[in-house]
Amino acid sequence: MRVALFLTCVNDTLYPDTGRAVVKLLTRLGVEVDFPMAQTCCGQAHYNTGYRHEAEPLARHFAEVFGDYEAIVTPSGSCGAMVRELYPRMGERARAEGRGDTLAATLAPVVPKTYELTEFLVDVLGVTDVGAYYPHTVTYHPTCHGLRGLGLGERPTRLLRAVKGLELVELPGAEECCGFGGTFALKNADVSAAMGADKVRNAESTGAEVLCAADNSCLMHLGGTMTRLRTGMRPVHIAEILASTKEEPAV
């Protein structure tokens, strides 16, 4: 199977190790992974901030870059939800504004074949044990877009439970938002910080060494909060845990 890695802006700029982990993991499972160099932002930041027309060229470009692949895999629930949930809405809005069906037709092919990483592993490859080894205590935070937008459900925790050496402990208040929300964290900084502190205190109460999630944007927010609160925990993307083996362990 030949798939494209849609890395996303945050990962490309700040967390390239997550992208490397995805490639390592999928290659180990027999998947051929391409990284289209022409990929750019999917338009989520523009769309969610109200610049919906400005997001359309980015969406068109996404469809052009990724359209020929069997599947598009991303280590981001929020960007995955942008393609799966909001690209169809963009097409419908263009139609409602009297601009025809061109945008909807352009975006439609990439929508059903865009997968968040854990979805791809469980639903497409049909695996939960990926041969990982990670001898640490971990608690998992289900991020909002993955939980509510994509409906990831138990896919991430099924994968984590199959990791050798890993002890998974339940996070109190797991389904509560961490407070990041993109520009929400800038426009409502005090509320965002309070929500992040609540989430980190809940994570700390588990005694886990690692707070894991499937979205580095949320982990960035929570990691900063952990540093300020001096918790001693560390944030780790699920891809890096699943890519870890005894021979090549992740930290």
Side-chain angles (χ1 to χ4, degrees), residues 1 3 5-8 10-11 15-33 71 73-78 80 115-147 150-175 178 199-200 202-220 222-223 226 231-251:
M1 189 176 208
V3 308
L5 171 60
F6 168 38
L7 186 55
T8 79
V10 167
N11 289 321
Y15 301 101
D17 284 346
T18 296
R20 296 187 186 101
V22 174
V23 174
K24 177 182 174 183
L25 170 62
L26 293 180
T27 301
R28 189 170 77 220
L29 296 173
V31 178
E32 181 184 350
V33 184
V73 180
T74 182
S76 168
S78 61
Y115 299 92
E116 184 275 334
L117 175 64
T118 65
E119 279 185 308
F120 182 76
L121 294 171
V122 175
D123 297 349
V124 179
L125 298 186
V127 297
T128 51
D129 187 344
V130 297
Y133 175 76
Y134 193 76
H136 301 283
T137 306
V138 175
T139 192
Y140 173 74
H141 166 55
T143 60
C144 292
H145 284 95
L147 178 68
L150 296 177
L152 296 182
E154 295 184 353
R155 293 174 183 86
T157 52
R158 286 172 63 191
L159 289 158
L160 290 171
R161 288 191 183 100
V163 175
K164 293 176 178 61
L166 186 150
E167 180 186 354
L168 184 64
V169 292
E170 186 174 351
L171 176 64
E175 296 189 358
C178 72
K199 178 66 68 173
V200 168
N202 284 343
E204 190 178 21
S205 75
T206 68
E209 303 165 68
V210 170
L211 176 60
C212 168
D215 243 308
N216 269 329
S217 54
C218 297
L219 287 174
M220 174 178 65
L222 293 171
M226 288 176 192
T231 64
M233 295 185 75
R234 62 185 187 276
V236 180
H237 193 283
I238 192 170
E240 295 171 48
I241 293 175
L242 297 177
S244 177
T245 61
K246 280 188 177 181
E247 295 74 23
E248 297 181 78
V251 178

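Numbers here are sequence positions counted from 1. Bear in mind the structure is a predicted one, so any value in this text is a computation, not a measurement.
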Could you pull out every donor-acceptor pair under 3.5 Å between side chains of residues 156-169 and any protein atom, sequence neighbours left out?
unit_1 : atom_1 : unit_2 : atom_2 : d
Thr157 : OG1    : Glu154 : O      : 3.0

Can you tell me how far [atom2] of [Y] sits from [atom1] of [X], rounded to the nearest 0.5 angstrom?
X      : Y      : atom1 : atom2 : result
Tyr133 : Glu247 : OH    : CD    : 10.5 Å
Asn202 : Ser205 : CG    : OG    : 5.5 Å
Leu211 : Thr231 : CG    : OG1   : 9.0 Å
Leu222 : Lys199 : CG    : NZ    : 7.5 Å
Glu204 : Met226 : CD    : CE    : 9.0 Å

### Task
Say whether, by atom type as modelled, one donor and one acceptor occur between the side chain of Ser244 and the main chain of Ala250 under 3.5 angstrom.
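Checked: pair present.
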### Task
Check whether any side-chain N or O of His141 sits under 3.5 Å from a backbone N or O of Ala213 as a donor-acceptor pair, and report yes or no.
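Checking the backbone N and O of Ala213 against the side chain of His141, no donor-acceptor pair under 3.5 Å is found.
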Does any part of the side chain of [Y], heavy atoms only, come nearer than 4.5 Å to the side chain of [X], both counted from C-beta?
X      : Y      : value
Leu152 : Glu119 : yes
Leu125 : Leu29  : yes
Leu5   : Pro75  : yes
Val73  : Val33  : no
Glu32  : Val3   : no
Met233 : Thr139 : yes
Ile238 : Thr118 : yes
Arg20  : Val23  : no

### Query
Picking from Asn11, Thr143, Asp215, what satisfies side-chain hydrogen bond (donor to acceptor under 3.5 Å, both in side chains) with Ser76?
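Filter result, single survivor: Asp215.
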### Message
Run Leu25 and Val130 through side chain to side chain contact (heavy atoms under 4.5 Å, CB included) and show every step you take.
### Response
CA-CA 8 Å; Leu25 170 62; Val130 297; 3.9 Å; yes
Please give me the minimum heavy-atom distance between [X] and [Y], naming the atom from each residue.
X      : Y      : value
Leu242 : Arg28  : O-NH2, 2.8 Å
Gly223 : Pro235 : CA-CG, 3.8 Å
Val31  : Phe120 : CG2-CE2, 4.4 Å
Leu117 : Ala239 : CD2-CB, 3.6 Å
His237 : Ala214 : NE2-O, 3.2 Å

### Task
For Glu240, check salt bridge (charged side-chain N to carboxylate O under 4.0 Å, His left out) against everything at least two apart and list the hits.
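Glu240: no salt bridge (charged side-chain N to carboxylate O under 4.0 Å, His left out) contacts found.
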### Message
side chain to side chain contact (heavy atoms under 4.5 Å, CB included), that's the test. Do Cys212 and Val236 meet it? Break it down for me.
### Response
CA-CA 5 Å; Cys212 168; Val236 180; 5.5 Å; no
#### Entry: Test log, rule side chain to side chain contact (heavy atoms under 4.5 Å, CB included), inputs Tyr115 and Leu121
CA-CA 9 Å; Tyr115 299 92; Leu121 294 171; over 6 Å; no
### Verdict with reasoning, Lys246 to Tyr134, per side chain to side chain contact (heavy atoms under 4.5 Å, CB included)
CA-CA 8 Å; Lys246 280 188 177 181; Tyr134 193 76; over 6 Å; no
